[in-house]
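Shown next, in structure tokens, is the structure this report addresses.
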Number of protein chains: 2
Amino acid sequence: MKKDLLISAPEPTIRRMPTYVHYLKGLEAGPETFISTSKMSVDLGFDPTQIRKDLSYVDIVGKNRVGYPIEQLIKAIEDFLGWNIRKDAILVGAGHLGSALMGYERLDQYGINIVMAFDVQPGKVGEKIHGIEIRHISKMAEVIKQKNIQVGIITVPASQAQAVASMMEDSGIKAIWNFAPISLNISKNNVFVENALLYSSLSVLACKLKNL
Amino acid sequence: MKKDLLISAPEPTIRRMPTYVHYLKGLEAGPETFISTSKMSVDLGFDPTQIRKDLSYVDIVGKNRVGYPIEQLIKAIEDFLGWNIRKDAILVGAGHLGSALMGYERLDQYGINIVMAFDVQPGKVGEKIHGIEIRHISKMAEVIKQKNIQVGIITVPASQAQAVASMMEDSGIKAIWNFAPISLNISKNNVFVENALLYSSLSVLACKLKNL
DNA sequence: TAGATTGTTAATCGATTAACAATC
DNA sequence: TAGATTGTTAATCGATTAACAATC
């Protein structure tokens, strides 16, 4: 629809989008080719108006009395989210979490392609985890520049996260996906930082449980 | 402060709290014993009024012209978040992500104690990962009831997440920390569900990168 | 046509931020 | 005292939701 003037969607809208995609993919197996926001509302527990508002940011047109064409809707949301654009990434910190991310095949479904990982531990450097080569952190800057890497994933302990982030910034990384529980300082503001905030999620759980 | 009438904090406030704790712990090593919201504002990039508003939900009193006592503030926020109350948990899905969570020693810092894990794969059942025993999923309900487990962590593929959630609900679990990218349906609403939403975080990154 | 649905405008709600009195 | 800071009240901002016209 519209899309003449490109107003970027509010962040809460962006955060709901993947839920729509995963839900819609589940419908693909079924007999229906169209889905209405009233049905989505029931299944997802979201307000139908909110769903329509969210979908208004996406390049799709619904049919009155019918709904949205499922397949096209999935494609449109994926395009909106940038999942169909490949983003080369490097990962720093090949510990438990880092390894889990490297093994998460699904990641390239989101357009993220981890081309290499870095660590400092001698036992890890030179090895491969889930097919991804691990090199010493001192080689990172060179690789980023050479391969024109856009995304850096930080899965090192909090104490080393800032140093890694600064190195990434200096090497020309465009965006950082940060799993360390600290707030990164980026001096120039040409690097976008997204914090995974697992501990925030866990804290909401703990807090609600406490007040039960 | 107040705390006479216990108004639960807004969720955005709860989500910022862990950032405060991690930041404050970093200060403990330093020479200062007090911290002002103006200093926190500079270091964290948050509005100082917002920080004071957030702290108003916590059982702490600041000193005029001085700030908040760091050590007491940490303790107060941790208490607020329920990190100091132990919550026994079970984890279902001993794959990459599940293993990473089992290996994440830090988890008990947040009060989460994973007592056992479950899976269906014969190669995994009977083994231990990071010291945590893995049993067959068919034993789950019994263990939850016997050990009075409160928290269930779901790290299975999306296709099996709903079935696991329903089993947890029936067994009397109080809260679910869900890593599967689907919206869980809980029939009775006496189970609190917190979605980790890693893919939402990743989508914000991909979306921002697309519009760069 | 009647009725279900989209898509938008307007109202509401809640969180953030500005302003400022109180304090030491 | 002067000035920095807390803690709160009021204003602002933005997201959610209600209402409804347009459509098929």
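Since the structure is predicted, the reported quantities are computational estimates derived from the model, not experimental observations.
Taking 4.0 angstrom as the limit, B:Ser36 places none of its side-chain polar atoms (N or O) nearer than this to OP1 or OP2 of D:dA4. At C:dA15, none of the side-chain N or O atoms of B:Arg16 fall inside 4.0 Å of OP1 or OP2 (strictly under the cut-off). The side chain of B:Tyr57 places no N or O atom within less than 4.0 Å of a non-bridging phosphate oxygen (OP1 or OP2) of C:dA15. Within the 4.0 Å cut-off from OP1 or OP2 of D:dG7, not a single side-chain nitrogen or oxygen of B:Thr49 is found. Residue A:Ser56 places no side-chain N or O under 4.0 Å from the OP1 or OP2 atom of C:dG7. Dashed line: the shortest gap from a side-chain N or O of B:Arg52 to OP1 or OP2 of D:dT6 is under 4.0 Å.
Look at NZ on B:Lys39: it is 16 Å from C1' on D:dA4, rounded to the nearest Å. A straight line from CG of B:Asp54 to P of C:dT17 spans 11 Å, rounded to a whole angstrom. Residue B:Met40 contributes atom CE, which lies 14 Å from atom C1' of D:dT6 at whole-angstrom precision. Counting to the nearest Å, the C1' atom of C:dC24 and the CG atom of B:Asn64 are 6 Å from each other. If you measure from atom CE of A:Met17 to atom P of D:dA15, you get 13 Å, rounded to the nearest angstrom.
Both distances falling under 3.5 Å, in either a Watson-Crick or a G-U wobble arrangement, place C:dT5 opposite D:dA22. Shown here, C:dT12 forms a base pair with D:dA15; the pair counts as Watson-Crick or G-U wobble because both key distances fall under 3.5 Å.
Of the residues near DNA chain D, B:Thr37 and B:Lys53, the one whose nearest nucleotide (by heavy atom distance) lies more toward the 5' end is B:Thr37.
There is a side-chain donor-acceptor pair under 3.5 Å between A:Asn178 and A:Asn195.
Of the possible polar contacts, one joining the B:Lys87 side chain to the B:Gly82 backbone as a donor-acceptor pair under 3.5 Å is found.
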